[in-house]
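None of these values were measured; they are calculated from a predicted model.
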Amino acid sequence: MIQVRKISSRQLLLMAVGSALVFPYTFMPILEAPPANQDAWIVLLLCVAYIVLLNAPTLFIMNRLRGLTVNQASETVLGKAAGKAACMVVALFCVFCFTACSLITALFVRQYIIPETPVLALVLLVVLPSVYAAIKEPETIGGLAIVLVSVILASTVFFFVMGLNLMKPELLQPILADSTFLNLNIGAFLTAARYSEMLIFWVYSYYLVKESSITKTYAAAIAVFGVAFLMLLLPVLMLFGYELSQHISNPYFVYTRHVEALSFLRRLQSLNALTWFPVAVLKMAIFVYMASHLLSGVFGAKSHRLFVYLLALICVVVCMVPSLNNAPFIERLRSDQVFPYIVLPATLLVPSIITVVYLIRRKKVDAVVQKICESDKEH
């Protein structure tokens, strides 16, 4: 057996945080969620609690079956056929996420950075770097996360501090006057349902060093994500107000256009683009690796690399379809009417089924898990 290379808790934390920040950094879907007013920041606070609740089954399974890959855990608990089917659901979602992120990233680059570039060149620009990273081992992706996500977090703090003079706290008022308890919770649930990064923990925790706690790493990642997201959302709300923010396609990017530093540094949105793009590519690398890792387990392949190349080819073909690589389609795809319900089967339904079956067959499963772990130690 090939020795499993390890990643640190910091690498796993930053992988999850960076991936989770890409969508709010790009188009901030929370602004479209109920109650659709200035209380969006309260929705975000409630959203963190919903994320933890929705992720609870996966967190339980990861801790109880630590030392097993997602494929091994699923097949051990559900049986070979059902386990493979469960892994296929998660793998197909990862393929979807990889492709959707490629579409969104290419569209953003075309609209705001290099609008005259041919579509194929844009698609290759975003897909090829992610493929190169994905064919490497997980610690390569983790190493990239250390650098790239640290930079984007630093830029988030920088733009928040440099934009303080632009912010008008009164635009957050009236607080809770126009919202109902039900609408706040609906908005929080829909926003939390978009959080697919629990799958990153599930897949990559197999490579996490044994000294690191999965639960503590997850808790830290949620905390960092929540604070960073709040630092993206509040400046937008306090500069543009809710009504205007809701009609801006990329509100945070537009906010960075207004930020100046030291009275002479201007057009700092280029810094925003330079930090955002590598992390968007990192997100794609993370998900295409997960998809290929899961598929190689389902089909018993010795390496995940062939699946990376196949998925990249599929992604390029899909991204070249005119009816898909346009703003109206992507707006619909990322909306609350579509995206959360694509995420939930992989992030909630599959882990919940595995959890229930595990609790029913706990003694038998624990015995099998012990044998698998002992066999891995011997090799």
Side-chain angles (χ1 to χ4, degrees), residues 7-30 41 44-45 47-48 51 101 104-105 108-109 112-113 126 129-130 133 138-167 195 197 200-201 204 212 216-240 245 250-286:
I7 61 175
S8 67
S9 58
R10 185 184 175 195
Q11 289 175 321
L12 182 57
L13 181 155
L14 290 176
M15 287 164 62
V17 170
S19 175
L21 286 177
V22 168
F23 277 5
Y25 213 81
T26 307
F27 50 80
M28 208 163 288
I30 194 172
W41 65 277
L44 175 57
L45 298 179
C47 161
V48 173
I51 288 175
C101 289
I104 291 170
T105 304
F108 182 90
V109 172
Y112 290 94
I113 303 176
V126 300
S130 64
E139 69 270 18
T140 300
I141 298 177
L144 289 172
I146 290 288
V147 177
L148 300 178
V149 182
S150 296
V151 170
I152 202 172
L153 290 175
S155 75
T156 300
V157 175
F158 171 80
F159 278 108
F160 184 85
V161 173
M162 289 298 103
L164 285 174
N165 62 313
L166 302 173
M167 300 179 199
Y195 186 84
E197 279 63 34
I200 297 177
F201 281 94
Y204 286 93
S212 297
K216 290 181 180 179
T217 304
Y218 168 75
I222 293 297
V224 174
F225 165 68
V227 172
F229 196 166
L230 197 62
M231 295 181 74
L232 298 178
L233 177 62
L234 286 178
V236 170
L237 290 174
M238 290 193 288
L239 175 62
F240 303 118
S245 300
N250 305 93
Y252 187 73
F253 183 78
V254 176
Y255 158 75
T256 60
R257 287 178 172 175
H258 292 74
V259 174
E260 299 179 5
L262 304 176
S263 74
F264 67 91
L265 294 177
R266 301 182 179 182
R267 298 183 64 85
L268 294 177
Q269 73 271 13
S270 58
L271 175 62
N272 172 276
L274 287 174
T275 56
W276 163 83
F277 180 75
V279 177
V281 172
L282 176 68
K283 180 184 180 79
M284 291 184 284
I286 290 171

**Q** Is there side-chain contact between S155 and I152, with heavy atoms separated by less than 4.5 Å?
**A**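 Yes - at least one pair of side-chain heavy atoms lies under 4.5 Å apart.
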
**Q** Answer yes or no: is there a donor N or O on one side and an acceptor on the other, between the side chain of Y204 and the main chain of I286, under 3.5 Å?
**A**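 Yes; at least one donor-acceptor contact below 3.5 Å.
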
**Q** Are the side chains of L21 and L153 in contact, using a 4.5 Å heavy-atom criterion?
**A** yes

**Q** What are the two closest non-hydrogen atoms of V279 and G18, and how far apart are they?
**A**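 V279 and G18 have their closest heavy atoms at CG1-O, 3.5 Å.
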
**Q** Quick one: pull up CZ in R257 and CG in N250 and give me the separation to the nearest 0.5 Å.
**A** 8.5 Å

**Q** To check you understand the geometry: which heavy-atom pair defines the closest contact between A285 and S130, and what is its length?
**A** CB-O, 3.5 Å

**Q** Pairs under 3.5 angstrom only: tabulate donor-acceptor contacts from the side chains of residues 217-231 to other protein residues two or more places apart or in another chain.
**A**
| from | atom 1 | to | atom 2 | distance (Å) |
| --- | --- | --- | --- | --- |
| T217 | OG1 | S213 | O | 2.7 |
| Y218 | OH | N55 | OD1 | 2.8 |

**Q** Start with the C-alpha gap between F108 and W276, add the side-chain angles, then the distance that decides, and say whether ring-ring contact (aromatic ring centres under 6.0 Å, His included) holds.
**A** CA-CA 11 Å; F108 182 90; W276 163 83; 4.2 Å; yes

**Q** Which heavy atom of Q11 sits nearest to which heavy atom of G143, and what is that distance?
**A** NE2-N, 3.4 Å

**Q** Measure from the side-chain N and O atoms of T256 to the backbone N and O of F253, and report whether any donor-acceptor pair falls under 3.5 Å.
**A**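 Pair found, side chain donor or acceptor close to backbone of F253.
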
**Q** Can you see which heavy atom on I141 is nearest to which on A133, and at what distance?
**A** CG1-O, 3.8 Å

**Q** Is there side-chain contact between Y255 and M167, with heavy atoms separated by less than 4.5 Å?
**A**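 Yes, side chains in contact.
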
**Q** Would you check if S150 and R10 make a side-chain contact, meaning some heavy-atom pair closer than 4.5 Å?
**A** yes

**Q** What is the minimum heavy-atom distance between T26 and V22, and which atoms define it?
**A** OG1-O, 2.6 Å

**Q** In Å and rounded to the nearest 0.5 Å, what is the CD1 to CG distance from I30 to L233?
**A** 5.5 Å

**Q** Quick one: does S19's side chain get under 4.5 Å of I200's, heavy atoms only?
**A** yes

**Q** Taking all atoms of both residues into account, what is the closest heavy-atom pair of L234 and F160, and its distance?
**A** CB-CE1, 4.5 Å

**Q** Could you tell me if the side chain of F240 sits less than 4.5 Å from the side chain of H258, heavy atoms only?
**A**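 A side-chain contact exists here, since the closest heavy-atom pair is under 4.5 Å.
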
**Q** Should the pair Y25 and Y252 be assigned to parallel (<30°), tilted (30 to 60°) or perpendicular (>60°) ring geometry?
**A** tilted

**Q** Say you draw a straight line from OG1 of T140 to CD1 of I7; how long is it, rounded to the nearest 0.5 Å?
**A** 11.0 Å

**Q** As an exercise, state the distance from CE of M15 to CG of L148, rounded to the nearest 0.5 Å.
**A**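 Nearest 0.5 Å value for the CE-CG distance: 12.0 Å.
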
